[in-house]
Each structure stands twice: as C-alpha cells, then as structure tokens.
Engineer: 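Mind having a look at this structure? Questions to follow.
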Amino acid sequence: MTENKFAEKNIQCKAFAERKQKEIKGFQKVTLIALTIFWIGYGYAYFFGNSSNLSYYSLLILIFSILNINVIFGIEKMQNRVFNILAKLNGVLFFVWALLTIVSLLLK
C-alpha cells in the first residue's frame with residue numbers, strides 16, 4: 001500500500017515537472033521575441049538620436065538578457081532551430097553592446 005502511494009506521488013511529481021518545463025520554455029520563447037523587439041527599438045532610437053529611449057531600451061535589454069542567460073550564452077539549447085539562432089544572435093548583440101558601452105565609458 002505504501003509503495004503504491006509512493007509510486008503515485010512519484011508520477012504526480014514527474015507530471016508537475018514536465019508542465020513546469022513546458023511553461024519555462026514558453027516563457028523563454030516570449031522573452032526572446034521581446035528581446036529582439038527591444039533590440040530593434042534600441043537601433044531605431046540610436047539612429048534618430050533619442051537618448052531617453054536609448055537608456056530605456058538599454059535597461060530592458062539588460063533585464064531580458066539576464067532572464068535568458070542560459071539560452072543566450074549556450075548553457076541550454078532551444079528545441080526550435082529558429083529560436084536557437086535568435087538566442088545566439090541576441091547573445092552576440094549583447095556582447096558587442098556591452099563591449100562598446102565599456103569602451104565609451106573609458107574614453108569619456
């Protein structure tokens with residue numbers, strides 16, 4: 001009887017873990033798409049010289065990059081090839097952006 005309850009509890013825990021894993025993957029997909037939109041907004045604000053939007057987009061890019069750090073820097077892989085390429089592109093953009101920010105701060 002105890003073994004049956006243990007087995008049932010184990011099955012419930014596995015089902016819960018699988019649901020959570022699906023939710024996390026869905027959240028990562030949404031945040032990767034949002035991060036790409038923020039990069040586009042940052043480029044648009046940079047092109048037109050809107051400094052208030054630049055700082056706003058910089059904060060959003062930083063936050064969403066930290067949310068997706070496992071996917072962006074290659075610790076995990078996305079199952080979808082398009083999202084995997086998008087994550088790598090966001091990682092390269094983030095690295096270049098951080099490097100240019102550091103260099104500009106040192107030169108000032």
Engineer: How close do Val71 and Lys88 get, counting heavy atoms only, and between which atoms?
Structural biologist: O-NZ, 3.2 Å

Engineer: Quick one: pull up CG in Asn90 and CG in Leu32 and give me the separation to the nearest 0.5 Å.
Structural biologist: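 Result: 6.0 Å between the selected atoms.
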
Engineer: Nearest 0.5 angstrom please: Leu105 CG to Leu100 CG, how far?
Structural biologist: 11.0 Å

Engineer: Check whether any side-chain heavy atom of Phe83 lies under 4.5 Å from a side-chain heavy atom of Ile33, and answer yes or no.
Structural biologist: yes

Engineer: Val103 and Val92: same hydrophobic cluster, using ILVMFWY side-chain contacts below 4.5 Å?
Structural biologist: no

Engineer: Could you state the interatomic distance from CG (Leu54) to OH (Tyr46), rounded to the nearest 0.5 Å?
Structural biologist: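 Leu54 atom CG to Tyr46 atom OH measures 8.0 Å (nearest 0.5 Å).
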
Engineer: Is any side-chain heavy atom of Leu86 less than 4.5 Å from a side-chain heavy atom of Thr36?
Structural biologist: yes

Engineer: Looking at CG of Leu35 and CG of Leu62, how far apart are the two atoms once the value is rounded to the nearest 0.5 Å?
Structural biologist: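 The CG atom of Leu35 sits 10.5 Å away from the CG atom of Leu62.
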
Engineer: Among all residues two or more places apart in sequence or in another chain, which pass the ring pair (Phe, Tyr, Trp, His ring centres under 6.0 Å) test with Tyr57?
Structural biologist: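 Applying ring pair (Phe, Tyr, Trp, His ring centres under 6.0 Å) to Tyr57 gives none.
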
Engineer: Any link between Trp39 and Ile66 through a network of hydrophobic side chains (Ile, Leu, Val, Met, Phe, Trp, Tyr) touching at under 4.5 Å?
Structural biologist: yes

Engineer: To the nearest 0.5 Å, tell me how far Phe38 CZ sits from Thr31 OG1.
Structural biologist: 10.0 Å

Engineer: Does any pair with a residue in residues 94-108 pass side chain to side chain donor-acceptor pair (under 3.5 Å), and if so which ones, sequence neighbours excluded?
Structural biologist: Tyr42-Trp97

Engineer: For the hydrophobic clusters of this structure (ILVMFWY residues joined by side-chain heavy atoms under 4.5 Å, transitively), does one cluster hold both Ile69 and Ile61?
Structural biologist: yes

Engineer: Is Ile40 reachable from Leu93 through a run of hydrophobic residues whose side-chain heavy atoms are each under 4.5 Å from the next?
Structural biologist: no

